[in-house]
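Here the structure is laid out as structure tokens; the discussion comes afterwards.
Side chains included, hydrogens not; waters and symmetry mates left out as well; all remaining heavy atoms used. In each ligand, atom 1 is the first atom listed, and ligand 1 is the first ligand listed. For clarity, every value in this text was computed on a predicted model and none was experimentally measured.
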Amino acid sequence: MEVPFDGQPEYTDVLVVGAGPSGLMCALALARYGVDTMIVERREYGQIYGNADVIQPGTIELWESLGLREGLMREGTPILAYASWSVDEDTGGLERQPQGPNVSLRDTRYPYEIALPIENIEGLLRDDAAKYRLQVEQPWIPTDLVILPEEVGKPSAHTVRVTLERPADSKWTQRKRTIFAKYVVGCDGARSWVREKVGIKLERRERDDQAVNWGVLTFTPETDFPDTMVKAVISTPDRGMIFWIPRPDGKARLYVPLSSKVDTRTTSRTAFLDAISNVVDHVFRPYTLKIKDCDWISTYKVIQAVASTFSAKNRVFIAGDAGHTHSAKTGQGANAAMKDSFNLAWKLAFVIRGWAKPTLLVTYEAERKKYASDLIAIDRDIATAISHGRNNARFYKKIWEERNRFITGVGVCYHSPLTPVEKPSPLAPRLTPGERLPPAAVLRLSDWRPRNTHDLLKADCTFKLILFPGEMRYSVTMVDSFVSTLFKELRSWTAPEREVLKLFAIFSDLKLWSHWTDAPESVRDPMSVYVDDSMVPDVADMELATTGVYSLYDISPEGCAVLVRPDAHISLVTPINVLGAQEIARFLVRL
Ligand SMILES: Cc1cc2nc3c(=O)[nH]c(=O)nc-3n(C[C@H](O)[C@H](O)[C@H](O)COP(=O)(O)OP(=O)(O)OC[C@H]3O[C@@H](n4cnc5c(N)ncnc54)[C@H](O)[C@@H]3O)c2cc1C
């Protein structure tokens with residue numbers, strides 16, 4: 001899309017630099033939240049760049065909250081099972097080792113990874129962004145960025161001036177633009193220009209012995225190897241581990257460790273393909289594997305690094321690979337990148353709208369830098385497992401299973417002022433503040449539709465307050481006076497409280513004996529009243545699908561109120577009384 005240039009500067013609330021997974025998620029979320037957003041990309045339209053191909057359960061949940069999960073399912077391949085193999089040292093042939101579920105978790109609705117090409121992931125995000133009239137402007141490259149010192153203290157000022165230019169060899173006539181943005185988000189990858197420009201340093205964390213050269217390729221296999229449709233992990237005595245990831249359309253991706261003598265800068269594509277084919281011929285015996293139609297081949301070294309800070313003057317932020325890099329083995333990079341942006345986007349929207357103070361933005365680094373450091377610690381363990389030792393398949397499986405909650409993204413816990421009390425409340429001991437609300441079966445009373453608590457958590461930039469008051473007929477006064485105190489206390493909040501805080505009530509009644517019109521007046525709405533009498537068909541585990549939410553969350557007989565952030569993480573668990581209402585109001589007003 002060409003943008004007219006009359007020499008005048010342009011203004012936007014947020015300028016996102018880079019249209020990979022983090023940039024697209026950031027811009028898309030902001031556009032959905034009604035924030036004036038611009039996203040620029042240095043590539044020409046249609047040039048494929050990224051590498052990611054596996055979406056984790058926690059990210060599937062995020063996409064579901066945006067109403068985008070169907071696209072992932074339609075265009076991707078769910079990976080449900082995991083097969084492990086090792087090379088027998090005596091015969092030199094492959095031997096089957098224990099197999100199992102790829103995701104060994106109960107508390108997710110989606111116990112699998114989804115493999116799909118990066119162009120599909122980005123394409124789905126771009127298509128959705130277009131519905132909100134947001135298009136990636138490309139090719140544009142930022143050549144200058146200045147945070148105007150005299151404007152920094154004014155929250156509504158367009159404080160960051162960015163010069164954009166066309167790539168030197170491009171055909172466009174319009175060559176230069178000046179953008180003034182309130183905020184800039186650098187989503188421009190591991191070699192981030194934005195990061196460099198604002199002087200943020202990368203702290204390297206990898207060890208020399210883990211700097212293995214990896215060959216990676218996407219291709220159509222011709223093979224009698226039996227585990228082409230699941231994730232296969234092959235342990236070799238001398239080369240570390242080889243990974244097989246199934247892809248849509250009968251394709252596959254292989255990760256193969258190469259000799260550290262291979263010079264990734266000078267070796268040609270054909271030589272790489274030969275090197276990988278040699279390894280594959282040797283390792284897959286007694287099976288045969290021919291690499292047909294290689295779509296993409298590349299090599300990389302594991303670089304583990306975290307940026308020293310994720311923001312400059314609370315005006316320029318970095319997200320995704322710009323802030324942290326690690327190995328591709330746990331399929332985390334794009335997932336982490338999108339989660340970074342999703343974490344940041346609602347905070348930017350709140351601050352830009354004046355619903356929260358700029359200090360809210362500080363929690364982005366507190367939460368996501370800690371996450372990145374934890375990820376790198378796990379990545380190091382996994383890098384050790386896959387590069388060394390005879391029992392590496394077993395060791396890898398052990399780490400994979402032990403850390404599954406973190407790796408899948410469903411067990412990520414945030415520690416920041418947005419989680420004022422970190423210990424679970426005795427009112428709901430199984431809910432951990434800082435973690436995302438676990439999925440649970442509920443039933444919407446107005447139409448008896450089986451739902452999931454996650455269905456209440458649409459990504460619409462609002463806090464959700466979910467009340468668990470027990471039985472409807474005994475809780476009318478309690479709920480009404482709680483809600484009335486809450487909204488009275490919220491009058492000093494700068495946000496339109498009835499729009500930005502959505503209320504739901506989940507009662508412990510049976511559906512046969514209750515009706516939504518009998519619910520306390522303050523929550524009486526056909527879309528807001530639920531009961532703990534359901535069976536949700538789309539939960540990983542039968543027990544989860546059928547066990548009621550009161551029992552799963554271990555809600556105490558007094559009941560409780562659960563405040564959930566716009567990104568589905570739990571902030572507070574309080575009693576349903578005056579003190580609880582005041583605690584929630586205080587939290588929101590102080591944002
Ligand atoms: C072989 C391999 C396999 C991987 N597999 C997986 C996987 O299965 N799952 C997973 O989650 N992750 C995987 N990753 C990691 C994943 O690809 C990255 O972590 C992810 O793409 C990071 O997203 P991002 O948006 O932060 O950065 P990028 O994807 O790098 O996107 C950055 C964007 O910014 C643009 N850009 C760069 N500089 C500028 C500039 N100056 N101006 C404007 N635009 C700019 C780039 O063109 C690009 O479009 C893999 C990585 C590798 C190497």
Do other residues, nucleotides or ligands put more than 12 heavy atoms under 6.0 Å from the CD atom of E70?
no

Taking 4.0 angstrom as the limit and counting only heavy atoms of V17, give me the atoms of ligand 1 inside it, by number and element.
42 (N), 43 (C)

Heavy atom of R253 under 4.0 Å from ligand 1?
yes

So the atoms of ligand 1 within less than 4.0 Å of a heavy atom of A334 turn out to be 10 (C), 11 (O), 12 (N), 16 (C), 18 (C), 19 (O), 20 (C)

Is there a heavy atom in P142 that sits closer than 4.0 Å to ligand 1?
yes

Between V16 and C26, the two heavy atoms sitting closest are CG2-SG, 4.1 Å

C187 heavy atoms, cut-off 4.0 Å: which ligand 1 atoms fall inside?
32 (C), 33 (C), 34 (O)

Return the option from D188, I245, V216 holding the heavy atom at the smallest distance from atom 39 (C) of ligand 1.
D188

Counting heavy atoms only, name the option from P21, G189, C26, A337 that's nearest to atom 21 (O) of ligand 1.
P21

For ligand 1, which atoms have a heavy atom of R43 less than 4.0 angstrom away?
47 (O), 48 (C), 49 (O)

Between K131 and D127, does at least one N-O distance fall below 4.0 Å, as a salt bridge requires?
no

Let's go through W63 and L124 carefully: what are the C-alpha distance in whole Å and the side-chain angles of both, what is the deciding distance for side chain to side chain contact (heavy atoms under 4.5 Å, CB included) to 0.1 Å, and is it a yes or a no?
CA-CA 10 Å; W63 279 56; L124 289 164; 3.8 Å; yes

Which ligand 1 atoms does W193 reach within 4.0 Å, using its non-hydrogen atoms?
41 (N)

Give a yes/no verdict on a cation-pi contact between R42 and W140, requiring under 6.0 Å between NZ or CZ and the six-membered ring centre and an angle within 45° of the axis.
no

Heavy-atom donor-acceptor pair, R565 side chain to L418 backbone, under 3.5 Å:
no

If we set the cut-off at 4.0 Å for heavy atoms, which region of Q332 has an atom near ligand 1: side chain, backbone, both, or neither?
backbone

Nearest heavy atom to atom 35 (C) of ligand 1 wins, so pick from E41, M25, Q138.
E41

Between F225 and W85, does the ring centre distance come in under 6.0 Å?
yes

Donor-acceptor under 3.5 Å (S373 side chain, Y371 main chain):
no

Smallest separation among heavy atoms of A322 and D188, with atom names
CB-OD1, 4.1 Å

Atoms in ligand 1 flagged as close to G20, the criterion being non-hydrogen separation under 4.0 Å
25 (O), 31 (O), 33 (C), 49 (O)

Under 4.0 Å from a heavy atom of G320: which atoms of ligand 1 are those, numbered in the order shown and with their elements?
26 (O)

